[in-house]
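Below you'll find the structure, written out as structure tokens, and then a few comments.
The first residue in the sequence is number 1, and the count goes up from there. Keep in mind that the numbers below use all heavy atoms, side chains included, and drop hydrogens, waters and symmetry copies. These numbers come from a predicted model, not from an experiment. Both counts, for ligands and for their atoms, begin at 1 and track the order of listing.
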Amino acid sequence: MRRLEGKRAIVTGAGSGIGAAVAERFVREGARVAVADIDLEAAKRVAFGLGEGARSYRLDVTRPEEVEALVRGVLDEWGGLDVMVNNAGVGVAATIPETREEDWLRVMDVNLKGTFLGMKYAIPAIRDSGGGSVINMSSIAALVGIKDRAAYSAAKGGILALTRAAAIDHVEEGVRVNCIAPGTVDTPWIERITAGYEDPAAARAAMQARQPHGRFVTPEEIAAMAAYLASEEAESVVGACMVVDGGMTAR
Ligand SMILES: NC(=O)c1ccc[n+]([C@@H]2O[C@H](COP(=O)([O-])OP(=O)(O)OC[C@H]3O[C@@H](n4cnc5c(N)ncnc54)[C@H](O)[C@@H]3O)[C@@H](O)[C@H]2O)c1
């Protein structure tokens, strides 16, 4: 399918995991993609693998001047912006009493402020390009209580609320804002979050065991949902939270 022919997209946190899969799927569907990540080498590797349709950028989503410059750069380069995927995120595995204030601030900054800044600069650009789609990466942690994810759940819940607010504010401008709530997706993020446990292998096995469909969700399954939300097929999907979780929240 080439549902994104001619579209111009930014994907943040695209140097790894879900973001890399989204960039790959978007290019395969005909889009040009700005592969943006705080890790420039990772962004370069992903963009290089995607060929002509992709460009790599170093971006820290917590820095307004960098987000603004990236959006401006894409407008200069490609003449417009149609899709913004606010995907960059970090997690911390802790209950509230265990959460250090600096971890709370970092998780809020990258996930929630990063999504706010991505929308702040991309929404006017998408509106002025004739309308399009914003896709924010929330999590099932925004919908149900997950053990040891206090700060992360708060940030992802904030993203869900911000998604709905922005969806209502900008629907009349032709900008559709939605979010995806992935379940447990097999990416390097899992390694990072389980490293905080005494027995990382046991923590990984426990995460897999809690999946009703018996396996982790794949990054490509999240990318398929993102491609749908970015496409014209989703024109009536506004302010939605699309759950892709193997049944975790159905229990
Ligand atoms: N993996 C999961 O199970 C899962 C589940 C639900 C939601 N999510 C969300 O999906 C998104 C992607 O996660 P992933 O699993 O692919 O993780 P990942 O760690 O593989 O990739 C995240 C990427 O974000 C980049 N990044 C981190 N801080 C950044 C910053 N300040 N500016 C720009 N880029 C930055 C990292 O360099 C990395 O390349 C995150 O928002 C995460 O919270 C993941």
Side-chain angles (χ1 to χ4, degrees), residues 10-25 34-47 56-67 69-71 84-93 103 105-118 121 135-144 146 148-149 151-160 162-163 179-196 203-204 206-208 210-211 215-223 225-226 241-246 248-249:
I10 295 173
V11 183
T12 72
S16 172
I18 293 171
V22 170
E24 195 271 330
R25 179 70 186 245
V35 175
D37 203 288
I38 197 165
D39 181 345
L40 178 60
E41 289 312 309
K44 278 185 178 165
R45 271 196 303 278
V46 170
S56 57
Y57 294 86
R58 188 200 171 273
L59 169 75
D60 180 346
V61 295
T62 68
R63 302 183 71 95
E65 67 282 4
E66 292 191 17
V67 182
L70 172 62
V71 170
M84 178 74 182
V85 184
N86 293 304
N87 165 76
V90 294
V92 59
D103 287 335
L105 291 172
R106 188 173 56 91
V107 166
M108 286 295 163
D109 248 27
V110 179
N111 291 283
L112 188 52
K113 183 181 163 193
T115 300
F116 158 68
L117 291 174
Y121 295 105
I135 300 158
N136 298 325
M137 211 50 76
S138 182
S139 165
I140 56 161
L143 305 174
V144 294
I146 309 260
D148 297 335
R149 297 287 183 276
Y152 181 74
S153 302
K156 294 302 190 185
I159 290 174
L160 172 57
L162 203 55
T163 296
C179 66
I180 301 176
T184 310
V185 187
D186 200 2
T187 70
W189 182 88
I190 304 267
E191 260 54 66
R192 238 167 281 135
I193 204 128
T194 54
R204 183 183 162 90
M207 284 170 95
Q208 186 142 13
R210 73 184 186 198
Q211 291 292 119
R215 62 169 176 82
F216 288 129
V217 177
T218 67
E220 290 72 26
E221 288 171 316
I222 306 302
M225 177 59 79
C241 179
M242 310 298 275
V243 176
V244 185
D245 71 347
M248 261 187 85
T249 53

Using every non-hydrogen atom in the two residues, find where Ala141 and Ser153 come nearest and quote the distance to one decimal. O-CB, 3.4 Å
Indicate the atoms forming the closest heavy-atom contact of Gly15 with Asp37, along with that distance.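 Heavy atoms of Gly15 and Asp37 come nearest at N-OD2, 2.8 Å.
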Verify, without hydrogens or angle tests, whether Thr62 (side chain) and Val110 (backbone) share a donor-acceptor contact under 3.5 angstrom.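 Between the backbone of Val110 and the side chain of Thr62 there is no qualifying donor-acceptor contact (under 3.5 Å).
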Starting from [atom], locate the nearest protein heavy atom and write down its residue, its atom name and how far away it is, to 0.1 Å.
atom: atom 19 (O) of ligand 1; result: Arg192 NH1, 2.5 Å
atom: atom 29 (C) of ligand 1; result: Ile38 CG2, 3.7 Å
atom: atom 23 (C) of ligand 1; result: Gly13 O, 3.6 Å
atom: atom 37 (O) of ligand 1; result: Asp37 OD1, 2.6 Å
atom: atom 13 (O) of ligand 1; result: Ile18 CD1, 4.1 Å
atom: atom 28 (N) of ligand 1; result: Val110 CG1, 3.7 Å
atom: atom 12 (C) of ligand 1; result: Asn87 OD1, 3.2 Å
atom: atom 27 (C) of ligand 1; result: Val90 CG1, 4.0 Å

May I ask you to check whether [X] has an N/O atom sitting below 3.5 Å from an N/O atom of ligand 1?
X: Tyr152; value: yes
X: Ser138; value: no
X: Val185; value: yes
X: Thr62; value: no
X: Leu59; value: yes
X: Val61; value: yes
X: Thr187; value: yes

Which atoms of ligand 1 have any heavy atom of [X] under 4.0 Å away?
X: Asp60; answer: 30 (C), 31 (N), 32 (N)
X: Thr184; answer: 3 (O)
X: Met137; answer: 9 (C), 10 (O), 11 (C)

Does a side-chain heavy-atom distance below 4.5 Å link [X] with [Y]?
X: Thr184; Y: Gln208; result: no
X: Asn87; Y: Val22; result: no
X: Val243; Y: Ile140; result: yes

Could you name the option among [options] that has the heavy atom nearest to [atom]?
atom: atom 22 (C) of ligand 1; options: Gly89, Gly17, Gly19; answer: Gly89
atom: atom 5 (C) of ligand 1; options: Pro188, Ser139, Gly183; answer: Gly183
atom: atom 20 (O) of ligand 1; options: Ser16, Ala20, Gly114; answer: Ser16

Side chain, backbone, both or neither: the part of [X] lying under 4.0 Å from ligand 1 by heavy atom:
X: Phe216; answer: neither
X: Val217; answer: neither
X: Ala181; answer: neither

Qualifying residue for side-chain contact (heavy atoms from CB on, under 4.5 Å) with Ile10, from Val85, Asn86, Val71: Val71
My understanding is that only residues two or more places apart in sequence, or in another chain, count here; which of them pass salt bridge (Lys or Arg N to Asp or Glu O under 4.0 Å) with Arg210? none
To the nearest 0.5 Å, what is the distance between [atom1] on [X] and [atom2] on [Y]?
X: Trp189; Y: Ile18; atom1: CH2; atom2: CD1; value: 8.5 Å
X: Met84; Y: Thr115; atom1: CE; atom2: OG1; value: 8.5 Å
X: Gln211; Y: Asp186; atom1: CD; atom2: CG; value: 10.0 Å
X: Asp60; Y: Thr12; atom1: CG; atom2: OG1; value: 10.5 Å

Decide, yes or no, whether a salt bridge links Asp109 with Arg106 under the criterion of side-chain N to carboxylate O below 4.0 Å.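 Here Asp109 does not pair with Arg106 in a salt bridge, since their nearest N and O are not under 4.0 Å apart.
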Do Thr163 and Asn136 meet the criterion of a side-chain donor-acceptor pair at a distance under 3.5 Å?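 Side-chain D/A pair, Thr163 to Asn136: present.
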Does some non-hydrogen atom of Thr12 fall short of 4.0 Å from ligand 1? no
More than 12 heavy atoms of other residues, nucleotides or ligands under 6.0 Å from CZ of Arg63: is that the case? no
